[in-house]
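When a residue number appears, it is its place in the shown sequence, counting from 1. Treat the numbers as computed from the prediction; the structure is a model and nothing was measured.
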Amino acid sequence: ILWDLVFELLEHRHFWVRLTSMRNLGALFAAVSAVRAQQQPGEEASPSSGGEKRGKKTKRAKRSAKESQEQEVARRIMQKLLNNGASLLYRLIAQFESQHLNDEMALQVIKNTTFVGKELSLRFPPHTDVEALEESEQDAVRAIRKTLRRLGYFAQVLDSDLAKMSILRLFAALTMQIGAKRMPPMLFPVLQSIHKIINNPSLPVQVTALAQEVADAVQEIVGADLFLQVYSEVREQVSSLRRKRREERTAAAVASSQANANRKIKKHRKSHARAAQKTKKYAEERRGPEEERLRLAPLKRRKILEGED
């Protein structure tokens, strides 16, 4: 497979092409995991004749050579993909924006993004200040942070409940795979997104309930002390931002009373138009097909429907 082409096709305009590319990447990552999990040969041979020993050694050597070759191929492919880790993560999570998003694609995005995020996290040591890391290690941290922030943005602006719930599951999977030792530099955007979802009354109950479950899982992984510390920072930032925006609106209203009045009038007209549209839609749904076609006065319409002259 030409993996550069698979990488490029993640942005193809047809959904089925993107889904196929995601499947191919998933197969690659599964193969890499399987190769790494293989035990290296080195067990002592059981007592047998000299010919049998030589035959087993030859087979063992061939198997060892094949496994080494597979590991080298997997290493080269992953090295090539992870060198563009930020771009790869961006193309993976961009699938959440598709209007054709389904359960299979969402699950594939979660699996592939979790694998790439874990691989990038292994590029920097645990329990280390980000400023003390080398440039390549800081790039890995920044790539994961940027991905988490973008996922949080998607969770706010996308209308799909499937996308929101998949993003929450991805937060939990990434936290679990990256681990408590390497997760602290990336914890803030995760808890920031979860906090906004939990405190959004317009979202369905199943979304907010899942957000609370993910928050509990993250707390269990990273520890209560670190979780409460970062969560307090998130709430303080959200409160500060809301206070700042409220002050800006008040200052703008005082500085330009006419502009503020025009904004209120425009907002009122929009609300009135939405209410009228809902009323019209409700009336059309209640009106039967015969009544919709005739549109006559109530008494005459009733007589005609009952078959009277």
For the side chain of S239 and the backbone of R235, is there at least one donor-acceptor N/O pair under 3.5 Å apart? yes
L25 and V116, any side-chain heavy atoms less than 4.5 Å apart: no
Are the side chains of L203 and K164 in contact, using a 4.5 Å heavy-atom criterion? yes
Would you name the heavy atoms of Q108 and G26 that are closest together and state the gap between them? NE2-CA, 3.6 Å
Hydrophobic cluster identity match, Y90 and V157, side-chain contacts under 4.5 Å: no
Under the 3.5 angstrom rule, does the side chain of S121 hit a backbone N or O of K118 as a donor-acceptor pair? yes
Hey, could you give me the NZ/CG distance between K196 and N200, rounded to the nearest 0.5 Å? 10.5 Å
To the closest 0.5 Å, what do you measure between CD1 (I167) and CG (L210)? 11.5 Å
What's the verdict on side-chain hydrogen bond (donor to acceptor under 3.5 Å, both in side chains) for D225 and Q229, showing C-alpha distance, side-chain angles and the deciding distance? CA-CA 6 Å; D225 294 338; Q229 176 188 346; over 6 Å; no
Going by side chain to side chain contact (heavy atoms under 4.5 Å, CB included), L148 matches just one of I93, V190, T175. Which one? V190
Closest approach of I110 to S166 (non-hydrogen atoms, all atoms of both residues): CD1-O, 3.7 Å
According to a hydrophobic-cluster definition based on side-chain heavy atoms being under 4.5 Å apart (Ile, Leu, Val, Met, Phe, Trp, Tyr only), do V205 and I194 belong together? no
Are L5 and V17 linked, directly or through other ILVMFWY residues, by side chains that come within less than 4.5 angstrom of each other? yes
Measuring only between side-chain heavy atoms, which start at C-beta, is S193 closer than 4.5 Å to L151? no
Trace of the side chain to side chain contact (heavy atoms under 4.5 Å, CB included) decision for F96 with S160: CA-CA 9 Å; F96 285 134; S160 170; over 6 Å; no
What distance do E220 atom CD and F227 atom CZ have between them, rounded to the nearest 0.5 Å? 11.5 Å
D139 vs R142, side chain to side chain contact (heavy atoms under 4.5 Å, CB included): CA-CA, chis, key distance, verdict: CA-CA 5 Å; D139 289 342; R142 284 193 289 264; 2.4 Å; yes
Heavy-atom pair with the smallest gap, counting every atom of A180 and I221: CB-O, 3.3 Å
When every non-hydrogen atom of I178 is compared with those of M186, the smallest separation belongs to CG2-CE, 4.2 Å
Decide yes or no for L158 and L101: does some side-chain heavy atom of the first lie under 4.5 Å from some side-chain heavy atom of the second? no
Look at the side chain of R182 and the backbone N and O of F124, then say whether any donor-acceptor pair between them is shorter than 3.5 Å. yes
What's the spacing between R245 CZ and S240 OG if we round to 0.5 Å? 10.5 Å
If you round to the nearest 0.5 Å, how far is CD of E119 from CZ of F115? 4.0 Å
Decide yes or no for R269 and K266: does some side-chain heavy atom of the first lie under 4.5 Å from some side-chain heavy atom of the second? no
Contact check, side chains of F171 and V218, non-hydrogen atoms, under 4.5 Å: no
Distance in Å, R91 CZ paired with E8 CD, rounded so as to fall on 0.5 Å steps: 4.5 Å
Minimal non-hydrogen separation, Q95 against M22, with atom names: CG-SD, 4.2 Å
A side-chain contact here means heavy atoms from C-beta on lying under 4.5 Å apart; do L88 and L10 qualify? yes
How about N199 and H195: do any of their side-chain heavy atoms sit closer than 4.5 Å? yes
How far apart are the closest heavy atoms of G117 and L174, and which atoms are they? CA-CD2, 4.1 Å
Do the side chain of R18 and the main chain of H12 share a donor and acceptor less than 3.5 angstrom apart? yes
Take H268 and K264, measure what side chain to side chain contact (heavy atoms under 4.5 Å, CB included) needs, and give me the verdict at the end. CA-CA 6 Å; H268 175 73; K264 288 185 176 180; over 6 Å; no
Do L122 and L92 belong to the same hydrophobic cluster, where Ile, Leu, Val, Met, Phe, Trp and Tyr are linked whenever their side-chain heavy atoms lie under 4.5 Å apart, directly or via other members? no
Determine, step by step, whether L107 and R169 satisfy the side chain to side chain contact (heavy atoms under 4.5 Å, CB included) criterion, reporting the C-alpha distance in whole Å, the side-chain angles of both residues, the deciding distance to 0.1 Å, and the verdict. CA-CA 9 Å; L107 180 60; R169 295 187 180 102; over 6 Å; no
